[in-house]
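Written out below as structure tokens is the structure these notes cover.
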Amino acid sequence: MRRFTVYDSLTREVRSFAPIAPPRVGMFVCGLTPYAEAHVGHGRFAVVFDVVARALRHWGYRVFYVQNITNLDDKLIARAAEIEEDPLALADRYAQSWRRLMTRLEVSSVNYYPYATDYVPEILAQVRVLIDRGYAYVAEDGSVYYSVARFPEYGKLSGQRVEALRPGARVEVDERKRAPEDFVIWKAATPGEPSWESPWGPGRPGWHIEDTAMTGRLLGPRYDLHGAGLDLIFPHHDSEIALAEAASGEAPFVNYWMHNGLLTMGGEKMSKSIGNVSSLEDAIDRYGPMVLRFYYLNAHYRSPLEFDPPRTLDEAKEAYARLALPADRIAEALDRRAEDAAGADLPDTLADAAEALEETLDATLANDFNSREVIALLFGWTRRMTEDLPRLDAYSSDALEELAGPYRWAEEVLGLFVRRPEGRGGAWANLVPVLLEARARARARGDFAEADRIRDELRGRGIRLEDDASGTRWEFTGPE
RNA sequence: GCCGAGGUGGCAGAAUGGUUAAUGCGUCGGACUGCAGAUCCGAUUCCUGGGGGUUCGAUUCCCUCCCUCGGCUCCA
């Protein structure tokens, strides 16, 4: 297991990572409340923590990664009422859409996406324990509240002191609470809304306790790594700590807290409530998953990242195309000579450089997941590979594998350079070589009008041609 | 008001107590090309918010001020 460091939001320092029970690592990330289409900001946390899990596995840890889905809350219920759909059905619809987007984005590391409502028994059990231990009380209407005053360390993650909070700053004060800072863990049912039976009457789970009940069951009372956007630190994560440590009597609840910086648009956080959202699916359709992943990983995960369409993704597209060009050419050369072992060996200096680079990539990422620095190193390799492109077909397949090494590393750990057959021209792919041959003949006899006509025709079908010294290449870019 | 994060070239965005502050985008020049595009080579050597302090040396550490963003019970 490689050693690595990670910035821990609780201690506010970069710490060396040590799992509770190596090599196993329990990892939990706060996922979506699926009541609307996912936006580009959501994609960031998904890719950031995907890379964290991929890296840990690459380094020999056995990661169990859980990303929850809050499939019932006030906003979701309100939205469902608006469009006259069952709230749980609405949530399921958007949750499945999220899963499809994750597949397209190559977010493959999540082991389990639990629904909050599938953990009602665990939630009720935790509510019971908290009442029994005197941390929670039942209000007149059957709601149950956590009494923040009973947990003196409340706020240690955010640094907030309870007495400094402004009750009602953004959310109306709830009269049923004993203290304004108390939060609901079991919400008495409202007619017409989904509800479950409980010893305190019908109701539904509060937000914070969903996660602690779920992780208690799946990861145990204490686990290694908790991630999310930094907008969730307060009150959500502070409340999770208060709930979990009170319920289990064990501490610390979580050993490492990771928070990613937020994606901004127009300088402000991208969010549904502000309305400055841009669809994630749209971005994937338009630019492809690799460009999007590149864009996210091109910044340190803790920095804010500005999204300014179309400029930012156009720029990422240009940069990624340049970075990936040798990776593609090497892969193509390998395809061409799959069964052919003949060819030149790699010069020692190049072979050594490839090996050394892989070690540097690991060491760089092991420094608090500095993916931006890793990408800078990969650009260095791409520059070096570019010089070798004309000689590619002279190398043996073993030599080509060595050249591909750093890109393979990035494919496994960063999820970049993934080549999928989809989007490569579909049914037209069979026709293209025939048309290219016809065009080559036209060019050879000087009939450039015919050559351009074929090029334009294909362009109209979303296939772009490029001539270079070795002949004509094509790629499917989609209809304009 | 309180808590937290952050201010780096035209833009995006890294890093480090120490030679010309990475990398990419853009721009300019050149190569290649029937044209286009892509690609390649070179250039863009006056960029670390202001003011103090520690140090032989600060963008980095400390103090202070200014500005931006996030949070203060909906939020990735």
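The same atom, P, is picked in B:rU48 and in B:rG7; the two are 14 Å apart, to the nearest Å. Atom P of B:rG49 sits at a distance of 15 Å from the matching atom of B:rG13, rounded to the whole Å. Nucleotides B:rA14 and B:rC47, compared at atom C1', are 14 Å apart to the nearest Å. Rounded to whole Å, the separation between the P atoms of B:rU60 and B:rA38 comes to 41 Å. Between B:rU8 and B:rU16, the distance separating the two C1' atoms is 13 Å to the nearest Å. Atom name P, nucleotides B:rA22 and B:rC46: the rounded distance is 10 Å, in whole Å. Taking atom C1' on both B:rU68 and B:rG50, the two are 15 Å apart, rounded to the nearest angstrom. Comparing B:rC62 with B:rU55, their C1' atoms sit 12 Å apart, to the nearest whole Å.
Looking at A:Phe4, A:Tyr256, A:Tyr296, A:Tyr7 one by one, the single match for ring-ring contact (aromatic ring centres under 6.0 Å, His included) with A:Phe369 turns out to be A:Phe4. Between A:Pro87 and the options A:Leu72, A:Asp92, A:Thr117, a side-chain contact (heavy atoms from CB on, under 4.5 Å) holds for only A:Leu72.
Applying the 4.0 Å criterion to OP1 and OP2 of B:rG71, one finds that A:Lys269 has a side-chain N or O inside that range. Taking side-chain N and O atoms only, A:Asn298 has no distance below 4.0 Å to OP1 or OP2 of B:rG24. Checking the phosphate oxygens (OP1, OP2) of B:rA22, no side-chain nitrogen or oxygen of A:Arg372 falls inside 4.0 Å. Phosphate contact (OP1/OP2 of B:rC40, side-chain N/O of A:Arg322, threshold under 4.0 Å): present. The side chain of A:Ser158 contributes no N or O atom lying less than 4.0 Å from OP1 or OP2 of B:rC3. Note on A:Ser303: every side-chain N or O is 4.0 Å or more away from OP1 and OP2 of B:rG13.
Look at A:Glu457 and A:Arg455 and you find no salt bridge, because none of the NZ, NE, NH1 or NH2 atoms lies under 4.0 Å from a carboxylate O. Ionic pairing of A:Glu437 and A:Arg441 is present here: one or more N-O contacts between side-chain nitrogen and carboxylate oxygen are shorter than 4.0 angstrom. A salt bridge does not link A:Glu411 to A:Arg419: none of the charged side-chain nitrogens sits closer than 4.0 Å to a carboxylate oxygen. Using a 4.0 Å cut-off between charged side-chain N and carboxylate O, A:Lys317 and A:Asp314 make no salt bridge. Under 4.0 Å is where a charged nitrogen must lie from a carboxylate oxygen, and between A:Asp467 and A:Arg473 no such pair does.
We find that OH of A:Tyr320 is positioned 19 Å from C1' of B:rA12, with the value rounded to whole Å. The CD1 atom of A:Ile233 sits 11 Å away from the P atom of B:rG6 (whole-angstrom rounding). When rounded to the nearest whole Å, the span between CG of A:Asn260 and C1' of B:rG70 equals 12 Å. Taking atom CG on A:Leu10 and atom P on B:rG4, their separation rounds to 13 Å, with Å as the unit. Here B:rC25 presents its P atom at 13 Å from CG of A:Asp314, a figure rounded to the nearest Å. Remark: P of B:rA14 and OH of A:Tyr301 are 12 Å apart, rounded to the nearest angstrom. Whole-Å rounding puts the A:Leu263 CG to B:rG70 C1' distance at 13 Å.
Among the protein residues, A:Arg384 comes within range of no part of the nucleic acid, since none of its heavy atoms lies under 4.0 Å from any strand. Nucleic acid contact class of A:Asp74 (heavy atoms, under 4.0 Å, all strands): none. Across all strands shown, A:Phe379 has heavy atoms under 4.0 Å from sugar-phosphate atoms exclusively, and none from any base. Among the heavy atoms of the strands, none lies under 4.0 Å from A:Asp308. Using a 4.0 Å heavy-atom cutoff across all strands shown, A:Arg443 reaches at least one base atom of the nucleic acid. Residue A:Ser9 is classed as having no contact, given no heavy-atom separation below 4.0 Å to the nucleic acid. Using a 4.0 Å heavy-atom criterion, one finds that A:Ser239 contacts no nucleic acid atom at all. At the heavy-atom level, A:Gly41 lies under 4.0 Å from base atoms of the strands shown. Residue contacts for A:His300: at a heavy-atom cut-off of 4.0 Å it reaches the sugar-phosphate backbone alone, with no base atom in range. Across all strands, A:Gly43 comes closer than 4.0 Å to no nucleic acid atom at all (heavy-atom distances). A:Leu262 comes within contact range of at least one nucleobase, with a heavy-atom separation under 4.0 Å. Using a 4.0 Å heavy-atom cutoff across all strands shown, A:Arg445 reaches no nucleic acid atom at all.
In this pair, A:His226 and A:Phe28 present their aromatic rings perpendicular. The plane angle is above 60°, beyond the 30 to 60° band.
In this structure B:rU39 sits in a base pair with B:rA31, meeting the Watson-Crick or G-U test at under 3.5 Å. Nucleotide B:rC25: paired with B:rG10 (Watson-Crick or G-U wobble, both distances less than 3.5 Å). Nucleotide B:rC2 is matched to B:rG71 when pairs are restricted to Watson-Crick or G-U wobble geometry with both distances under 3.5 angstrom.
Nearest nucleotide to the A:Gln160 side chain, out of B:rC2, B:rC35, B:rA12: B:rC2. Between B:rG70, B:rA15, B:rG34, one nucleotide has an atom nearer to the side chain of A:Asn370 than all others, and that is B:rA15. When each of B:rG13, B:rU73, B:rG24 is scored by its nearest atom to the side-chain atoms of A:Ala319, the top-ranked nucleotide is B:rG24. Across B:rA38, B:rC40, B:rG4, the shortest atom-to-atom separation from the side chain of A:Glu466 is found for B:rA38. Of the listed nucleotides (B:rG24, B:rG70, B:rC3), B:rG70 has the atom at the smallest distance from the side chain of A:Glu268. Counting only heavy atoms from C-beta on, A:Pro235 has its side chain closest to B:rU73 among B:rA5, B:rC2, B:rU73. In this structure, the nucleotide among B:rU73, B:rU23, B:rU39 sitting nearest to the side chain of A:Ala376 is B:rU23.
With RNA chain B read from its 5' end, the first of the two nearest nucleotides for A:Leu32 and A:Leu305 is the one closest to A:Leu305. Comparing A:Glu373 and A:Leu389 against RNA chain B, the residue whose closest nucleotide sits nearer the 5' end is A:Glu373.
You won't find any donor-acceptor pair under 3.5 Å spanning the side chain of A:Glu318 and the base of B:rG26, going by distance alone. Within 3.5 Å, a donor on the side chain of A:Asp467 pairs with an acceptor on the base of B:rC35, or the reverse. The base of B:rA36 sits within donor-acceptor range of the side chain of A:Arg455, with an N or O pair under 3.5 Å.
By the 5.5 angstrom centroid cut-off and the 30-degree plane limit, A:Phe448 is classified as stacked against the base of B:rG34.
Aromatic ring centroids of A:Tyr320 and A:Tyr295 lie 6.0 Å or more apart. The ring of A:His259 has its center closer than 6.0 angstrom to the ring center of A:His237.
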